[in-house]
2 protein chains.
Amino acid sequence: MKISQLSAASGVSQPTIKLYLREGLLPPGAKTHANQATYSEAHVRRLGIIRTLTQVGGLSVASAKTVLDAIDSDLPLNWTFGLAQRAASPDVDGTDLSDADLARADDFLAGLTYHDGPGRFGVAKTLRAMAEAGLEADGAWRDSYRKAAEIIGEADIDLIDRREGRLAKAETVVIGTVLGDALLAALRRAAQEHFSSQRYPSRSTETAP
Amino acid sequence: MKISQLSAASGVSQPTIKLYLREGLLPPGAKTHANQATYSEAHVRRLGIIRTLTQVGGLSVASAKTVLDAIDSDLPLNWTFGLAQRAASPDVDGTDLSDADLARADDFLAGLTYHDGPGRFGVAKTLRAMAEAGLEADGAWRDSYRKAAEIIGEADIDLIDRREGRLAKAETVVIGTVLGDALLAALRRAAQEHFSSQRYPSRSTETAP
DNA sequence: GACTATAGATAGTTACAGTATCCGTTATGA
DNA sequence: TCATAACGGATACTGTAACTATCTATAGTC
């Protein structure tokens, strides 16, 4: 398969494929000559994953590369998990978080063991932003969110457990981490519509432009 | 309050404040002369919301303006909801979705009434991406996600119900829609860490760089 | 043997968010 | 009062990220 066919098969333009080759997201094709190479079905599949991560998951090309490298490597699964989480949650580090911010997060996370990482820091950062924006979340709302997160987190780990082999697990970790966020956000919108239209029946016909 | 004080009080640089004034995200100050104006505490608060939407919520300046306009307007709350959902979920429309894509989404959403909108379309788009990426989600995982989404969606609507007055409701809708996604993603990471470390105790010490 | 396609390099484009500079005017304080 | 600083507003610039276009020499094809 030549680059033109790879482009046609994947729906990605030739210059963009060359970009991904340059950046190392896509492995080079098998060289037949100094300036000729052939590509395989694996390249088509890889391009699909790249587009998924960047278009649906919103990852930058650089983040996508980090995550793809983690799939290919033989790092322990834990690391892959951490890398995927980090790639999918940009600029979440502990700096600029006060003790009070972290205490608020730890309070919210009651019942969950936590570690320094995107989870704890992200919760702290978001709760602080909510407080600053004047949205105080009451106990019932918080309990619902924590309960929902527990259900999801366990389901995610179960799903990975059910996979056979390191590669399958790693791919599930990466795709699941990135697309799970998108799916959850979309499901949340659907659920909001559902309960909103139950209580305010006009919503089903009145829709924003 | 002059622009320098507004800048100091909000932590936003003067040129950026001028940018938001130009783009209409921030209402102009009260003119005292042809080239003098004073700003109020409301401007500080407004700047906080703008930064929250753009920095934490990841909204573009243009999307943030749409959403802020919805808060200020006297549109029905339903519309504000739809606008906020749309702003927080970029390029989610029904085009390029096949009947099969929608059927898969509707199957997933079983039990929830759904309408055309970011929820249904986003679910369809994400599930298609998962299928293309070779991540088939089994029934247990799907049930968990739907259950979690129901809990969250209902909690969101309850929270809005408890607010008094249109403005408070509208602000809750907007902030909640945008920051709720971020909070949920962070909680999900924390929960994943929790269950992951329960099953693979090494995770607590082995962390990706 | 004319013509297209190729790999690889280099340069250009677009979109966006933020920054810097300039202008004439207004405020301030020694 | 008058020099200096700050102002509002307009314009232009910077940086970044993701593509996209063009070029060159070579290889495959009809």
Side-chain angles (χ1 to χ4, degrees), chain A residues 1-40 43-44 46-68 87-88 90-91 178, chain B residues 1-40 43-44 46-68 87-88 90-91 178:
Chain A
M1 193 187 295
K2 296 178 182 175
I3 196 171
S4 58
Q5 297 167 284
L6 178 59
S7 173
S10 64
V12 179
S13 77
Q14 273 190 47
T16 302
I17 292 176
K18 289 185 178 183
L19 169 71
Y20 294 153
L21 287 168
R22 275 202 305 279
E23 300 295 331
L25 303 205
L26 193 65
K31 283 267 189 83
T32 58
H33 291 277
N35 66 338
Q36 298 284 299
T38 62
Y39 304 92
S40 66
H43 287 90
V44 179
R46 182 70 167 234
L47 275 174
I49 296 182
I50 294 172
R51 298 304 275 190
T52 293
L53 293 178
T54 55
Q55 312 268 294
V56 184
L59 264 60
S60 69
V61 169
S63 298
K65 174 167 167 49
T66 311
V67 155
L68 289 166
D91 42 270
V178 173
Chain B
M1 189 188 298
K2 296 178 181 174
I3 196 169
S4 59
Q5 298 167 283
L6 178 59
S7 173
S10 64
V12 179
S13 76
Q14 273 189 48
T16 302
I17 292 176
K18 290 185 178 183
L19 170 70
Y20 294 154
L21 288 167
R22 276 202 305 279
E23 301 293 333
L25 303 207
L26 193 66
K31 283 268 189 82
T32 58
H33 290 278
N35 65 338
Q36 298 285 301
T38 61
Y39 304 92
S40 66
H43 287 89
V44 180
R46 182 69 167 234
L47 274 173
I49 296 183
I50 293 172
R51 297 304 274 193
T52 294
L53 293 179
T54 55
Q55 312 270 296
V56 185
L59 264 60
S60 68
V61 170
S63 297
K65 174 166 165 50
T66 310
V67 155
L68 289 165
D91 43 270
V178 173

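Residue numbering restarts at 1 for every chain, and letters A, B, ... go by the order of the sequence lines.
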Apply salt bridge (Lys or Arg N to Asp or Glu O under 4.0 Å) to B:R51 and list each qualifying residue two or more places apart in sequence or on a separate chain.
none

In whole angstrom, give the distance that lies between atom CD1 of A:I17 and atom C1' of C:dA5.
14 Å

How many Å lie between CE on B:M1 and P on D:dA6, as a whole number?
18 Å

Whole angstrom is fine here: how far is it from CD1 in B:I3 over to P in C:dA20?
14 Å

A:R46 versus A:L68: any side-chain heavy-atom pair under 4.5 Å?
yes

On the nucleotide C:dG18, are OP1 or OP2 found under 4.0 Å from the side-chain N or O atoms that B:Q14 carries?
no

Nucleic acid footprint by protein, nucleotides 12-30 of chain D - heavy-atom cut-off 4.0 Å, B for base, S for sugar-phosphate alone:
------SBB-----BSS--

Spacing between B:L6 atom CG and D:dC7 atom P, to the nearest angstrom
10 Å

Side-chain (A:Q36) to main-chain (A:H33) donor-acceptor, under 3.5 angstrom:
no

side-chain N/O A:K31 vs C:dG8 OP1/OP2, d < 4.0 Å
yes

In whole Å, what is the span from the CD atom of A:Q5 to the C1' atom of C:dA5?
11 Å

Across all chains, not counting sequence neighbours, the side chain to side chain contact (heavy atoms under 4.5 Å, CB included) partners of A:I17 are A:I3, A:L6, A:S7, A:S10, A:V12, A:L21, A:L26, A:L47

Between A:S13 and A:T16, is any side-chain donor less than 3.5 angstrom from a side-chain acceptor?
yes

Phosphate OP1/OP2 of D:dC7: any B:Y39 side-chain N/O under 4.0 Å:
no

Can you tell if the side chain of A:P15 reaches within under 4.5 Å of the side chain of A:K18, non-hydrogen atoms only?
no

Gap between atoms CD and P, on B:E23 and D:dT11 respectively (whole Å)
14 Å

